[in-house]
Number of protein chains: 2
Amino acid sequence: MSAIQHQNFSTSISSSTSTFLGKTEFKNIKTLNVLIPSKISGVVKCVASPSAEKTTAYKTKVSRNENMAKLQAGYLFPEIARRKAAHMSKFPDARVISLGIGDTTEPIPEVITSAMSKRSYALSTVDGYSGYGAEQGEKKLRASIASTYYANLGIEEDDIFVSDGAKSDISRLQVLFGSNVTISVQDPSYPAYVDSSVILGQTGQFQKDVEKFGNIEYMRCTPENGFFPDLSTVRRTDIIFFCSPNNPTGCAASRDQLTKLVQFAKENGSIIVYDSAYAMYVSDDSPRSIFEIPGAKEVALEVSSFSKYAGFTGVRLGWTAVPKELLYSNGFPVAKDFNRIVCTCFNGASNIAQAGGLACVSPEGIKAMQNVVGFYKENTDIIVDTFNSLGFKVYGGKNAPYVWVHFPGQSSWDVFGEILEKTHVVTTPGSGFGPGGECFIRVSAFGNRENVLEACKRFKQLYK
Amino acid sequence: MSAIQHQNFSTSISSSTSTFLGKTEFKNIKTLNVLIPSKISGVVKCVASPSAEKTTAYKTKVSRNENMAKLQAGYLFPEIARRKAAHMSKFPDARVISLGIGDTTEPIPEVITSAMSKRSYALSTVDGYSGYGAEQGEKKLRASIASTYYANLGIEEDDIFVSDGAKSDISRLQVLFGSNVTISVQDPSYPAYVDSSVILGQTGQFQKDVEKFGNIEYMRCTPENGFFPDLSTVRRTDIIFFCSPNNPTGCAASRDQLTKLVQFAKENGSIIVYDSAYAMYVSDDSPRSIFEIPGAKEVALEVSSFSKYAGFTGVRLGWTAVPKELLYSNGFPVAKDFNRIVCTCFNGASNIAQAGGLACVSPEGIKAMQNVVGFYKENTDIIVDTFNSLGFKVYGGKNAPYVWVHFPGQSSWDVFGEILEKTHVVTTPGSGFGPGGECFIRVSAFGNRENVLEACKRFKQLYK
């Protein structure tokens, strides 16, 4: 079954077949019947059918947010988690290996956990207790992030807003910009940009023929253009989401390319939301921050995270840097409104996580994070070598923990399904990141060494 | 200076005089001049003047979100923190006591911090490491919250969405409902309801004459109506924010009153967003959950938090219970869309905080939380007795950690200023919670005993 058919199937039954349905029995909603369609790609999907409702259930008179109804199927990663779970029920004895969701697997270095542990204990003492912190994050952490990641780039303590992770901040940024802006995304790209844009009402309906939402500019990134969009064909939008090193392609934009991007934004008066969550994976001369590009502070803000450096995917800590130079058309500083969003819609990251963040950016912590990053980069090399040896065209990997493998002419959901079925390895179908991801799968290098080696062994058996 | 004058002052200069301005020097924005108006209530305010910009600064072509421009002054609590800081600079030797912001002060019980500490350390081990958790929260925690707070109320594990706190979830709920809904709030009420509604574009402009935003229904809560609105005069809205025990009035709605509220919502087809963050402070027969009211599951969801039970204001952990029975007008379950919001705009609460949450709802943890709550309730009694003895009309306190003191005919910002100036005690001006809070101040019972006794001693000196 092709990705397009899959998409159509999901939308024809319900516009919101999220994982929730997979997990929930809705015992108390007698009015919702459950359709069990025949097996699709080895996965049984249970989808609620609103049309089959009885009329006895009380309904409020509140209209469902029409933007929510525009969303397609489930958010990608819960959907994959659901398919993994379904596979595990089908093959209870299989050793399933996940190189799918991009979740870190290496333990957090002790220099960091001991700081969090100490902070936890201190909260039981009169001197160590602290309640509400500054919504923007602890002063010392903000200063340390600024000096660690933006030394000499003109980003200062008060430009840093500490968050509970990049995904939350992306949504807060969408709330900041509001419903009337237009956005561009790399195609393929991390799905949270598009989905949060849809939720905020910035887009039109999903157009099934092209697998795109109306009013979003999809900047195609392909092997042919070196995974950097041809900006001469890109329509102006207010906001440009740009992730480098990129999730999912694993490719980092060069200094020259980012200089063009900043110039493009400046000519158009656009704001770049630069996602640098994988910056520490850069091995070559590619910039680690958009602010390395002269003039970027007037057209860009940057979202980042400790998740993939320190294994903080579960601890939850990130930040957003909003330069004072970034101004709306009326001259009002973007940072001032973002500060207001952070104060109104958020109450600061957990103080324990912030203690961990402070340890992360200590000299020992930085070294420990570099070791973690180095370990995953070795995994990346193993995966790249494996697919290269099997004759595949392989992209990414050099500056990112993601390997982007080309399966020309094949549906990425089909490839995902075949790999899962035959090797019990979870990957991510490229089309989950946008139509430009079709014919690719993303293989994540987050895994312990034994699992990565075992997965690669199975890939070799499948594709020999 | 009256509260109304204060409001006008803030808006005439800038529509967003947040704390950000107070903290930020904007060194690099040469185009922003800074006006230093004369002293106002003892506080120097630095306000950016967009009109004074030079034309040389680059501006993007992105329009400022017009909803952000509607917001008034700073979000209340950062504003109070700023005034406290200004007072401390003016009186560097004063022992300033904060009974203002509602921030917990008692250390977290060890049964809870030791669980967080252990979880932190475990993250450095292969067996104890965990990355991304379920966006909705850990299964065991969801189940324990359901059985602890909703036993026999028909709220189950999968109805509970664990969050990083009630404030964040209130904004996520606003994103869920979208721009086209109408809302009601108690007047006075916790400012996050109104401010997040403004940000989402649900409201009209701020109407200075009545100090209300257009299109919001303010349900007046006064001593005369026992702080429960006269529903016969309330206009129908889609969403009704209702907090009980109430912040700021400290009054809990009775079973009879909440039954009327549920009936009112059902007749109007409205959804109640019930904020039960202070439920454990209830001493009498008042319901601790809206779901104690028969039929509430069809018209209500409930937001709650560990902040005021376990001292988690800095740790950040809360939850929202969304019953499966709660349906939009088209029969679509609200919970399904909220699940999608949680999966797209959030990545779960910190796993360490969740370990703490699990300890909170253990038998020892519940006992420890009850002790914490009991301690603050003793503080409340001391504050109530003090103001009673001084001849004030005092409300709240019985079922909540807030005491609501009446100063008939006086501006609450004036009273706030006078108390701060003369006793070095920070309170909260009632009008910060809406026009219905004018002539009141909120005194928080969160403080250590020595400080509460000292503050009460100073109140007695001031008002003897």
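Atoms considered below: every heavy atom in the structure, side chains included; atoms not considered: hydrogens, waters and symmetry mates. Residue numbering restarts at 1 for every chain, and letters A, B, ... go by the order of the sequence lines.
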Verify the distance criterion only: is there a donor paired with an acceptor across the side chains of A:S117 and B:S117 at less than 3.5 Å?
yes
Measure A:E106 against the heavy atoms of chain B and call it side chain, backbone, both or neither at under 4.5 Å.
backbone
Among B:S124, B:S120, B:G348, B:A353, the residue with the most heavy-atom pairs under 4.5 Å to chain A is B:S124
Let me know if A:A349 has heavy atoms under 4.5 Å from chain B in its side chain, its backbone, both or neither.
backbone
Within a 6.0 Å radius of atom NZ on A:K266, are there more than 12 heavy atoms belonging to other residues, nucleotides or ligands?
yes
At what distance, to the nearest 0.5 angstrom, does OG of B:S130 lie from CD1 of A:I108?
8.0 Å
Between CE on residue B:M116 and CZ on residue A:R119, distance to nearest 0.5 Å:
11.0 Å
Given a strict heavy-atom distance threshold of 4.5 Å, which part of A:T125 is in contact with chain B: side chain, backbone, both, or neither?
backbone
Approximate separation, where rounding is to 0.5 Å, of B:Y132 OH and A:F446 CZ
7.5 Å
In terms of heavy-atom pairs under 4.5 Å with chain B, the winner among A:V299, A:D127, A:V126, A:T113 is A:T113
So which of B:G356, B:G311, B:G165 has the largest heavy-atom pair count under 4.5 angstrom toward chain A?
B:G311
Smallest separation among heavy atoms of B:V62 and A:D238, with atom names
CG2-O, 3.4 Å
Are any of the side-chain heavy atoms of A:R316 and B:I352 separated by less than 4.5 Å?
no
Please determine if A:K59 forms a cation-pi arrangement with B:Y328, meaning its NZ or CZ atom is less than 6.0 Å from the six-membered ring centre and no more than 45° off the ring axis.
no
Look at B:C345, B:S168, B:S171 and state which one has the largest set of heavy-atom pairs under 4.5 Å with chain A.
B:C345
Taking side chain as C-beta onward, heavy atoms only, is B:M68 less than 4.5 Å from A:I341?
yes
Name the region of A:L200, side chain, backbone, both or neither, that has any atom closer than 4.5 Å to a heavy atom of chain B.
side chain
Side chain from CB out, backbone as N, CA, C, O: work out which of these in A:N268 comes under 4.5 Å of a heavy atom of chain B, or both, or neither.
backbone
Closest approach of B:R64 to A:D337 (non-hydrogen atoms, all atoms of both residues)
NE-OD2, 2.7 Å
Distance (rounded to the nearest 0.5 Å) between A:T60 OG1 and B:I271 CD1
4.0 Å
With a 4.5 angstrom heavy-atom cut-off, is it the side chain or the backbone of A:V181 that approaches chain B, or both, or neither?
side chain
Please classify the contact of B:A265 with chain A as side chain, backbone, both or neither, using a heavy-atom distance under 4.5 Å.
backbone
Excluding sequence neighbours, so at least two apart, what forms salt bridge (charged side-chain N to carboxylate O under 4.0 Å, His left out) with A:K167?
B:E135
Please identify, among B:I101, B:T105, B:L317, the residue contributing the most non-hydrogen atom pairs under 4.5 Å to chain A.
B:T105
Within the supplied structure, the quantity of interest is the number of heavy atoms (other residues, nucleotides, ligands) at a distance under 6.0 Å from A:E110 CD; does it exceed 12?
no
Residue part contacting chain B, namely of A:L123, when any heavy atom lies under 4.5 Å
both
Looking only at non-hydrogen atoms, find the nearest pair between B:F312 and A:Y129 and report the distance.
N-OH, 4.5 Å
The interface call for A:K308 against chain B, heavy-atom contacts under 4.5 Å, is side chain
When only pairs under 4.5 Å are counted, which of B:T237, B:N351, B:I239 shares the most heavy-atom pairs with chain A?
B:N351
Looking at B:S63, B:G178, B:A192, which makes the most heavy-atom pairs under 4.5 Å with chain A?
B:S63
Quick check on A:D164 against chain B: is it the side chain, the backbone, both or neither that has a heavy atom closer than 4.5 Å?
side chain
Interface moiety of A:E138 toward chain B, non-hydrogen atoms closer than 4.5 Å:
neither
Side-chain donor/acceptor of A:N65 to backbone N/O of B:L176, under 3.5 Å:
yes
Is B:Y58 reaching over with its side chain to a backbone N or O of A:L327, donor-acceptor style, under 3.5 angstrom?
no
To check you understand the geometry: which heavy-atom pair defines the closest contact between B:S350 and A:V315, and what is its length?
OG-O, 2.9 Å
Side chain from CB out, backbone as N, CA, C, O: work out which of these in A:T104 comes under 4.5 Å of a heavy atom of chain B, or both, or neither.
both
